[in-house]
Amino acid sequence: MSPDAFRQLALSNPINAVLLQRLPALGLADVWLVAGCLYQAVWNQRAGLPADWGVKDYDIFYFDPDTSWEAEDQAIRRAESLFADLGVMLELRNQARVHLWYRQRFGRTIAPIPSGRAGIDGFLVECTCVGLSPDGGFYAPYGLDDLAAGILRPNPRTPDPVQYALKTASYRARWPFLREGGSASEALEPPPPAPRS
C-alpha cells in the first residue's frame with residue numbers, strides 16, 4: 001500500500017477529512033491525526049464496512065513544550081468548540097505531557113516524548129503506528145505493508161505483552177481476517193477449508 005492509497009482510504013471517512021481541514025485553526029505545533037480513525041478505515045474497506053465503522057474516538061497528537069495541565073486543557077477546549085458540530089469524541093493530547101501521567105495510567109514509566117511523531121512511534125501494535133498531518137504529511141515508521149496485509153506484531157519500542165494481547169484480541173474480534181505475525185503473503189491467503197467429517 002502506498003502513502004497515497006492509505007491517505008485515500010483514511011479520508012474516505014469524512015470525519016477524518018474535516019478534522020485535517022480544520023486542525024490548523026487550533027494553532028498547535030507538530031499536530032497529527034493518528035490511530036484508529038486511520039487504520040480502521042483500511043481494515044473496514046477490506047471487510048466491506050463503512051470507513052468510520054467501529055471508530056470510538058478520534059485521536060489528535062501535538063507537541064507543546066508547555067507541559068502544564070492548563071495549557072493542554074485550553075487546547076482541548078478549543079478543539080471541542082471547533083469540532084462540536086461533528087458529534088464525535090476527540091482525544092487531543094500534548095505528547096510533551098504523556099510521561100507525566102503514563103505511569104499512573106499504565107503502570108510503568110516512560111521517557112519524555114520529544115515530538116508529535118515520536119508519540120506515534122509508541123503504539124502497541126506496529127501497523128497501527130500511523131499519522132496524517134494537516135499539511136499533507138504522512139508518517140508510518142513501520143511502513144504500510146503489515147497494515148494492508150492485516151498482520152499484527154508487537155511494537156518493540158513499547159513492549160507490554162498483557163496490553164498487546166488485549167488490544168489484538170479486540171481487533172481480531174472485529175476484523176477476523178487479522179493475523180498475528182507471519183509474512184504478508186500468509187496473511188492474505190484465505191484460511192484452509194475445514195476438514196470434512
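Side chains included, hydrogens not; waters and symmetry mates left out as well; all remaining heavy atoms used.
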Can you tell me how far the CG atom of Leu144 sits from the CE atom of Met1, to the nearest 0.5 Å?
-> 6.5 Å
Tyr58 pairs by side chain to side chain donor-acceptor pair (under 3.5 Å) with which of Asn13, Asn16, Asp52?
-> Asn13
Checking Asn44 side chain against Pro50 main chain: does a donor-acceptor pair fall under 3.5 Å?
-> yes
Which is it for Thr168 and Leu178 under the side chain to side chain contact (heavy atoms under 4.5 Å, CB included) test, yes or no, and what are the steps along the way?
-> CA-CA 9 Å; Thr168 56; Leu178 297 177; over 6 Å; no
Would you please indicate yes or no on a ring centroid separation below 6.0 angstrom for Trp69 and Trp101?
-> no
Spell out, yes or no, whether Leu19 and Tyr39 are grouped together once hydrophobic residues are joined by side-chain heavy atoms under 4.5 Å, including indirect joins.
-> yes
Cluster link Met89 to Phe83, ILVMFWY, side chain under 4.5 Å | no
Minimum heavy-atom distance between Ser68 and Ala71, given as atom pair plus value = OG-N, 3.1 Å
When you measure from the side chain of Arg78 to the backbone N and O of Leu26, does any donor-acceptor pair fall under 3.5 Å?
-> yes
Passes side chain to side chain contact (heavy atoms under 4.5 Å, CB included), Thr67 versus Glu72? Steps please.
-> CA-CA 8 Å; Thr67 59; Glu72 185 178 57; over 6 Å; no
Rounded distance [0.5 Å steps], CG in Asp73 versus CD in Glu80 = 8.0 Å
What closest approach, in Å, do Glu126 and Asn155 show between heavy atoms, and which atom pair accounts for it?
-> CG-CA, 3.8 Å
Hey, any chance Tyr171 and Phe177 share a hydrophobic cluster, counting ILVMFWY side chains that come within less than 4.5 Å of each other, even indirectly?
-> yes
When hydrophobic residues are tied together by side-chain contacts of less than 4.5 Å, even through go-betweens, does Leu147 share a cluster with Leu11?
-> yes
Could you pull out all residues at least two apart from Phe6 that satisfy ring-ring contact (aromatic ring centres under 6.0 Å, His included)?
-> Phe138
Leu132 side, atom CG; Leu20 side, atom CG - distance, nearest 0.5 Å | 6.0 Å
Between Asp30 and Gly116, is there a donor-acceptor pair closer than 3.5 Å when you use the side chain of the first and the backbone of the second?
-> yes
Got a donor-acceptor contact below 3.5 angstrom from the Arg46 side chain to the Val42 backbone?
-> no
Could you tell me which non-hydrogen atom of Leu82 sits nearest to which non-hydrogen atom of Arg22, and how far apart they are?
-> O-NH1, 3.0 Å
Might you work through the side chain to side chain contact (heavy atoms under 4.5 Å, CB included) test for Ile15 and Cys37, ending with a clear yes or no?
-> CA-CA 9 Å; Ile15 299 294; Cys37 65; over 6 Å; no
Between atom CG of Asp4 and atom CG of Leu9, what is the distance when rounded to the nearest 0.5 Å?
-> 11.5 Å
Stepwise, does the side chain to side chain contact (heavy atoms under 4.5 Å, CB included) test hold for Leu28 with Leu23?
-> CA-CA 8 Å; Leu28 300 172; Leu23 272 176; 5.7 Å; no
Which distance, rounded to the nearest 0.5 Å, do you find between the CD1 of Ile151 and the CD of Glu180?
-> 10.0 Å
Is there a path from Tyr142 to Tyr164 through hydrophobic residues (I, L, V, M, F, W, Y) whose side chains come within less than 4.5 Å of each other?
-> no
Short side-chain to backbone donor-acceptor contact, Asp160 and Leu124, under 3.5 Å = no
Atom CG of Asp57 and atom CG of Leu92: how far apart are they, to the nearest 0.5 Å?
-> 11.5 Å
Going through the checks in order, is the side-chain hydrogen bond (donor to acceptor under 3.5 Å, both in side chains) test met by Ser81 and Arg77?
-> CA-CA 6 Å; Ser81 176; Arg77 291 177 188 276; over 6 Å; no
Inspect the surroundings of CZ in Arg108 and state if more than 12 heavy atoms from other residues, nucleotides or ligands are less than 6.0 Å away.
-> yes
Which other residues belong to the hydrophobic cluster containing Phe123, where Ile, Leu, Val, Met, Phe, Trp and Tyr are joined when side-chain heavy atoms lie under 4.5 Å apart, directly or via other members?
-> Trp32, Val34, Phe61, Ile120, Tyr139
Could you tell me whether a side-chain N or O of Thr158 sits under 3.5 Å from a main-chain N or O of Gly122, the two making a donor and an acceptor?
-> yes
Closest non-hydrogen contact found for Pro141 with Cys129 is CD-O, 3.2 Å
Locate the shortest heavy-atom distance separating Ile110 from His99; write the atom from each residue and the value.
-> O-CB, 3.5 Å
Taking side chain as C-beta onward, heavy atoms only, is Leu152 less than 4.5 Å from Arg172?
-> yes
Which pair of heavy atoms, one from Trp175 and one from Ala47, lies closest together, and at what distance?
-> CD1-CB, 4.2 Å
Is Asp121 salt-bridged to Arg117, going by a charged N under 4.0 Å from an acidic O?
-> no
